[in-house]
S.K.: 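There's a structure below that I have some questions on.
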Amino acid sequence: MFNIIPQPVSILINQDRKGFTLHAGTTISPYPFAEEFASFVRKTLNKKVYLHEDTGEERSIILKIDESIEHDEGYTIKCENRRVFINARTETGLFYGLQTLKQMLLQTDGKLPYVELTDYPRFSYRGFMLDCGRYFYTVDEIKRIVDLMALHKLNVLHWHLTEDQGWRIEIKKYPLLTEKGSKRSHTNFNNKPHSGYYTQDQVKEIVAYCHDRKIKVIPEFDVPGHNVASIACYPELSCLDRKLEVATHWGVKHDILCAGKESTYKFVYDVLDELIELFPDKIIHIGGDEAPKTRWCECDKCKEKLNELGLVNMDQLQGYLANEAAAYLKKKGKKAICWNEAIKGGNVEKDNITVALWRDKTKASIEWANGGNPLIAECFTPYYVDYPYGMHPLKSVYMFEPRKIHGLTSLGGASVIGVESPIWTEYVTSFEKMTYLCFPRWLAVAETGWNNVNKKGYAKFIKTAEFFCDILKGMGITPAPKEYW
Ligand code: ACM
Ligand code: ZN
C-alpha cells in the first residue's frame, strides 16, 4: 500500500497485473510543468525522464486533458502495461497527478504495480501564510517552501508583506516604504538590525514560480493596523502625524492608519493599484487584524468621519475602511479577504469579501458564515504553526474540523471555503526553523484541506507521516522529531 499525503480518494492496486517501471529513457507528455517532475525524478531517483509527445511506446507517462473528469483540480492515474496515464480536467489536475506519482515512485524506487487511482480535493482553498514582515526570507527560500507546498497540494500562498516591523514590497509611488520602512534597528529575537524587501521584479519572479506550480499568490497589505513601518516613512498616515521608527518589538501597536484623512484612502488605493498589477490572481488580502482604536478616539478627523457617515462606533469606521478598499478592488475586478476583526462593526458589505477567521471572541465571523458568506478557517488553535508542538500538537492539527468550528450551522460549515495555516516569524529566524515548525504539521493541514473528514484515522496518518518525514529528510528538510509531535 502507498503512503500518500494527502491521501487520495480511492486507490486500487493489483499486484498480478503489469504496472510500470521508471527507466532511463522514460518519456512524459511535454507540458511545461512536466520539467519540474523530470528534474525531481532525476534528483531523487537518479533517472532521466524526457519530455516527448506520446508515441504509443512502453515506458511513457501520458498526461491528458479529459473533460469527463468532474472536479477542476481532480485527476485519475492508471498504471498499466508499462505506461502511466494521468487524466484531468485541467492542467492543475495533471500537475496534482504528477505530485502523487512522485510520491508513489519514491516509495517503490520507480517500480509501480497496476494502479487505478481517483482523486479530487475537498476544499478549493488550501493555504499557507508566510509572514515576511517580521523576518525576511530570501527569494530562494520562498521558492523552496513553494516546492513543498506543491508536493502537499497546497494551492494558496498568502504572502504577508507589510508589518509594523518591516515593509517588504517595493511600491514605486512611495519609495520610502522600502528605503526606510524595510529596516529595523534591532529585533526582539537577537537585538541585531534586520532588513530586506522584494523588488517588483522579484515579486513577479515568485508569482511566476508559484503559477508554474499551480499556486495562487495572495499578497497582504494590512489596513489599518500593523502599519508602524509605513507611518515611520510617512507620518501623515497616522492620526496625530506621529514621528515613529520602524517597530523593533512585536505586539499590537496603537498607532495605525488614520481613517479620517482623505490622504490615507489615497495611499491605500495607490498601494492596491500596484499590488493589482503585480498579483494577477483575483484576490488581495486587506488585513484588518489587531487595530486598536486608541488613536482614532483621540483624533478629530476620525471622529468627524464617524459622525459624517452616521456610524455608531469605531469598529464601524474600520468596517467602512474595509468596504472602501473592497469596493475599490471590485471596480478593478478583484476580490478582498480580511481578518475577522474587520467585520466586528457589523457593517461590512458581503458581496466582495471573504473573511479569514483566526480568533474571534465576538463571533461575528461565525454569524458571517452562518449567513452563507465565505470563510477561511485559520484558527489560532491549532493552525498557528509558529507556536510550539506542545501547544499545537500534530494530533490537534489533524483532528481540527473546519466545518465544525463552534457555533457554525450546517450552512455556516458549507460556507467554509478552505483552510490556511499561518506562520508568524518574529522568532522563526531561518528556513530550517520554519520547516521544523511546519513539518509534520503541514501534513495534517494538507489532509484536512484535501480529504473528506469521514476518512480520518489518526493511527494510519501517523504511520504515513513517519514515512513521509523520511522522504522530506531525503529532500534536505528536517521535520520535528516524533517525540515532539
Ligand atoms: C493575526 O494573527 N494577527 C491575524
Ligand atoms: Zn485619525
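The first residue of the sequence shown is numbered 1, and numbering continues consecutively from there. Just follow the structure's listing: the first ligand is 1, and inside any ligand the first atom is 1.
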S.K.: Go through ligand 1 atom by atom and flag the ones less than 4.0 Å from a non-hydrogen atom of Tyr384.
M.R.: 1 (C), 2 (O), 4 (C)

S.K.: Check the angle between the aromatic planes of Trp450 and Tyr75 and answer parallel, tilted or perpendicular using the 30° and 60° thresholds.
M.R.: tilted

S.K.: Ring centroids only, cut at 6.0 angstrom: are His392 and Phe400 within range, meaning strictly under it?
M.R.: no

S.K.: Evaluate Glu290 for polar contact with ligand 1, using N/O atom pairs at a separation under 3.5 Å.
M.R.: yes

S.K.: What atoms of ligand 1 come within less than 4.0 Å of a heavy atom belonging to Trp339?
M.R.: 4 (C)

S.K.: In terms of side-chain heavy atoms, does Lys344 have a donor or acceptor partner in Gln316 at a distance below 3.5 Å?
M.R.: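 There is no such pair between these side chains.
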
S.K.: Nearest 10°: the angle subtended at the Zn ion (ligand 2) by Cys258 SG and Cys299 SG?
M.R.: 110°

S.K.: Using a strict cut-off of 4.0 Å, indicate which atoms of ligand 1 neighbour a heavy atom of Trp424.
M.R.: 1 (C), 2 (O), 4 (C)

S.K.: If I take the Zn ion (ligand 2) as the centre, what angle separates the SG atom of Cys239 from the SG atom of Cys302? Nearest 10 degrees is fine.
M.R.: 110°

S.K.: Identify which one of Arg122, Arg126, Arg89 satisfies the salt bridge (Lys or Arg N to Asp or Glu O under 4.0 Å) criterion when paired with Glu73.
M.R.: Arg126

S.K.: For ligand 1, is any non-hydrogen atom under 4.0 Å from Phe380's backbone (N, CA, C, O), its side chain (CB onward), both, or neither?
M.R.: neither

S.K.: Going by the order shown, which atoms of ligand 1 are within less than 4.0 Å of some heavy atom of Asp289?
M.R.: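 Matching atoms, with element in brackets: 1 (C), 3 (N), 4 (C).
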
S.K.: What are the two closest non-hydrogen atoms of Lys214 and Asn155, and how far apart are they?
M.R.: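 Lys214 and Asn155 have their closest heavy atoms at O-CB, 3.9 Å.
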
S.K.: Around atom OH of Tyr328, are there more than 12 heavy atoms of other residues, nucleotides or ligands at under 6.0 Å?
M.R.: yes

